[in-house]
Amino acid sequence: MGNCLGSSAKVDTAQSSHVTYASGVSKVSSRTSRSSAPSTLTIPSFSEESNSSSLPTPRTEGEILSSPNLKPFSFAELKNATRNFRPDSLLGEGGFGFVFKGWIDENTFTAAKPGSGMVVAVKKLKPEGFQGHKEWLTEVNYLGQLHHPNLVKLIGYCLEGENRLLVYEFMPKGSLENHLFRRGPQPLSWAVRMKVAIGAARGLSFLHDAKSQVIYRDFKASNILLDADFNAKLSDFGLAKAGPTGDRTHVSTQVMGTHGYAAPEYVATGRLTAKSDVYSFGVVLLELLSGRRAVDKTKVGVEQNLVDWAKPYLGDKRKLFRIMDTKLEGQYPQKGAYTAATLAMQCLNNEAKLRPKMADVLATLEQLEAPKNSAALPQPEQHLFSVTHRKSPMRQHRSSLNPPPSASPLRSHRQSPRVH
C-alpha cells in the first residue's frame, strides 16, 4: 500500500517505485522479505459515529474484514471481472502491484461482461510480505468505516491465500498529478483547479474532524483522484494514522510519506499532527498555482524544490505572476490568486502551530469560489490572514529537514514511470 519503514531505515531507491494509474490509483512499495501476517494484527477503529473523547478501539483482522460496508470477493470473481487480468485490462503497474479495469453488476456486485454494469478499479497486491499486508489492511479498515463524497469509495476486497486485492469505484479522470504534469491532458482552468482544491480540502477537513481524528499522512497530487466532473476524492489510506487522543498533542511514529510534501517538523522528529497534513495541502496548493512538481530534479538549484523556490513570491502581489502556471495564460483572477497564494504560505509555515486548521483553509477556499460574498468574510478567514508569517528557528537547520533520498524513508517523488 505504502512505503512503511522506520525512520532509521535505509531506502534502496532502486527497489522503490511510484506510479499513478489511469484509474488514478497511486502506490509506492518497498520490497520486503516474504512472510505471512499474524492473525492478531489490530488497527484502531474510527467510525463517523465515534465519540471524539473516546479512545480508539482496536479491531482484529477478522473484525476489519467483516465490515458490513464491504463485499468480500473471491479471487475467481475478480478474475472474471477483469477478464482474467488480461493485459488489455491493465490500467497501471507499480511497486504495490497492478491495477486492472473491471466490470461488476451494480446490484449484486458479481462479475459482469466487459462494457456492461459498473466499471471498477481492481488493485492486486504483490505477495511480498507482512508490511504490504499491514497497509492493505489499514486501507480496508479506514475506507470500510469512513464515508464521504471526497473520499474514494472502497467497494470490497479479496483475501484468498497470498492474493490480496482491493476493489474501488473507477475514477475516469485519473489523478490530479496526471492533469498538472503529464503531457497530453487539456490544461486545467483556474475554476477547475479551485474546485479540486476545495474538494480535497473537504476530504482532509472531514478526516481531521473530532469524530474521525485521522491523519492522512500522504497527501499529494497523485493521491487526489478526479471523477467525470472533476470532483476530487482522496485515495490511498495505507499510511493513514489515528490522531492524538486525550492530553496528547501529537503521535510519535515512523517517518513515512513523500519527498517534497512531508512537513519539516515531522521529517525531523517523527512527531505527527493534523498540521502535518496542512503543510502537505499547502504544497499541493502551490502545485495547482504553479503547475510545477513539489520536487523536480530536472531543474537547477533552488528551483528543484517548489516550496523553497516559490516562498519569496507568495506574499508579494507584484511578483506573484512569476510563479503562476503559464498554461493558465493569465486567465485567473489576480485577487483570487493572491488569496490562494497567501493561504498556501500560511499552510507552509515552518511552525506547525501557526498553520491554519483545515476547516479554516476550506472556508477560505470556498470564499474564493463565491466572490460575490467577499464583502462579508467569515471569521475563520479573517483570523487566518492575520497570522504573521514568521521565520522558524528550524529554518536554520534545513539540512536535517531535507535528507537526501538515499538516507530517508520518505518516498521519492521522481521515481514514477510513465503509464500510458
Handout entry: pair Asp296-Gln304: side-chain heavy atoms closer than 4.5 Å
Key = no
Handout entry: Short side-chain to backbone donor-acceptor contact, Ser66 and Glu63, under 3.5 Å
Key = yes
Handout entry: Donor on one side chain, acceptor on other, Asp218 and Thr258, under 3.5 Å
Key = yes
Problem - Salt bridge flag under 4.0 Å for residues Lys173 and Asp229 - result: no
Problem - salt_bridge(Arg202, Glu366) N-O dist < 4.0 Å - result: yes
Problem - Phe170 CZ to Asp227 CG distance, which is reported to the nearest 0.5 Å - result: 11.5 Å
Problem - Lys317 to Tyr338 six-membered ring, cation-pi geometry met (6.0 Å, 45°) - result: yes
Problem - Donor-acceptor under 3.5 Å (Glu139 side chain, Phe237 main chain) - result: yes
Exercise for the section: Would you mind reporting whether Ile323 and Leu286 have side-chain heavy atoms less than 4.5 Å apart? Expected result: yes
Problem - Side chains of Ser276 and Glu265 in contact at under 4.5 Å (non-hydrogen atoms) - result: yes
Practice task
In sequence, state the C-alpha distance, the side-chain angles, and the governing distance for Asn178 and Ser175, and then conclude on side chain to side chain contact (heavy atoms under 4.5 Å, CB included).
Solution key: CA-CA 5 Å; Asn178 285 337; Ser175 73; 3.6 Å; yes
Practice task
Determine whether Leu165 and Leu125 make a side-chain contact, defined as any pair of heavy atoms from C-beta on separated by less than 4.5 Å.
Solution key: no
Handout entry: Nearest heavy atoms of Val120 and Ile155, plus distance in Å
Key = CG1-CD1, 3.7 Å
Problem - Minimum heavy-atom distance Gly203-Leu234, with the two atoms named - result: C-CD1, 3.9 Å
Practice task
Taking the side chain as every heavy atom from C-beta outward, state whether Leu91 and Phe98 have any pair of such atoms under 4.5 Å apart.
Solution key: no
Practice task
Report yes or no: is the cationic atom of Lys311 (NZ for Lys, CZ for Arg) under 6.0 Å from the centre of the six-membered ring of Tyr313, at an angle within 45° of the ring normal?
Solution key: no
Practice task
Give a yes-or-no answer on whether the side chains of Thr108 and Asp105 include a donor-acceptor pair shorter than 3.5 Å.
Solution key: yes
Handout entry: Backbone of Thr82 reached by a side-chain donor or acceptor of Ser89 within 3.5 Å
Key = yes
Practice task
Just do the salt bridge (Lys or Arg N to Asp or Glu O under 4.0 Å) check on Asp325 and Arg292 with the steps written out, would you?
Solution key: CA-CA 8 Å; Asp325 191 350; Arg292 293 194 182 205; over 6 Å; no
Problem - Point-to-point distance, once rounded to the nearest 0.5 Å, from CG of Leu365 to CG of Asp360 - result: 11.0 Å
Practice task
Answer yes when Lys275 and Glu351 have at least one side-chain N-carboxylate O distance shorter than 4.0 Å, and no when they do not.
Solution key: no
Practice task
Take Lys357 and Val361 through the side chain to side chain contact (heavy atoms under 4.5 Å, CB included) test and state the conclusion after the steps.
Solution key: CA-CA 6 Å; Lys357 294 181 179 180; Val361 172; over 6 Å; no
Practice task
Output yes when a side-chain donor or acceptor of Arg164 lies under 3.5 Å from a complementary backbone atom of Leu159, and no otherwise.
Solution key: no
Practice task
Quick one: pull up OG1 in Thr138 and NE2 in His133 and give me the separation to the nearest 0.5 Å.
Solution key: 9.0 Å
Problem - Whether Tyr157 and Trp136 hold their rings parallel, tilted or perpendicular, with breakpoints at 30° and 60° - result: perpendicular
Exercise for the section: Evaluate the side-chain proximity of Asn223 to Tyr216: yes if any heavy-atom separation is below 4.5 Å, no if none is. Expected result: yes
Handout entry: Residue pair Ala340 / Leu285: nearest heavy atoms and the distance that separates them
Key = O-CD2, 3.5 Å
Problem - Verdict with supporting geometry, Lys220 and Glu287, salt bridge (Lys or Arg N to Asp or Glu O under 4.0 Å) - result: CA-CA 10 Å; Lys220 56 185 177 181; Glu287 290 183 320; over 6 Å; no
Exercise for the section: Take Glu303 and Lys297, measure what salt bridge (Lys or Arg N to Asp or Glu O under 4.0 Å) needs, and give me the verdict at the end. Expected result: CA-CA 9 Å; Glu303 291 196 37; Lys297 295 298 184 181; over 6 Å; no
Practice task
Taking the side chain as every heavy atom from C-beta outward, state whether Leu188 and Leu176 have any atom pair closer than 4.5 Å.
Solution key: yes
Completion exercise
Here the pair of heavy atoms bringing Ala221 nearest to Tyr261 is N-OH, 3.7 Å
Problem - His179 and Phe230 aromatic centres sub-6.0 Å - result: yes
Practice task
Assert yes or no for the condition that the ring centre distance of Tyr279 to Tyr266 is strictly below 6.0 Å.
Solution key: no
Problem - Heavy-atom side-chain proximity of Met256 to Arg217 below 4.5 angstrom - result: yes
Practice task
Please confirm whether the backbone N or O of Gly144 pairs with a side-chain atom of Asn69, one donor and one acceptor, at under 3.5 Å?
Solution key: yes
Practice task
Taking all non-hydrogen atoms of both residues into account, name the closest pair between Asn150 and Ala232 and its distance.
Solution key: ND2-O, 2.8 Å
Practice task
Examine distances only and state if a side-chain atom of Gln145 and a backbone atom of Asn141 form a donor-acceptor pair shorter than 3.5 Å.
Solution key: yes
Problem - Nearest non-hydrogen partners of Trp190 and Gln331, listed with the distance - result: CB-O, 3.7 Å
Practice task
Indicate whether the side chain of Tyr168 and that of Lys153 have a donor and an acceptor atom separated by less than 3.5 Å.
Solution key: no
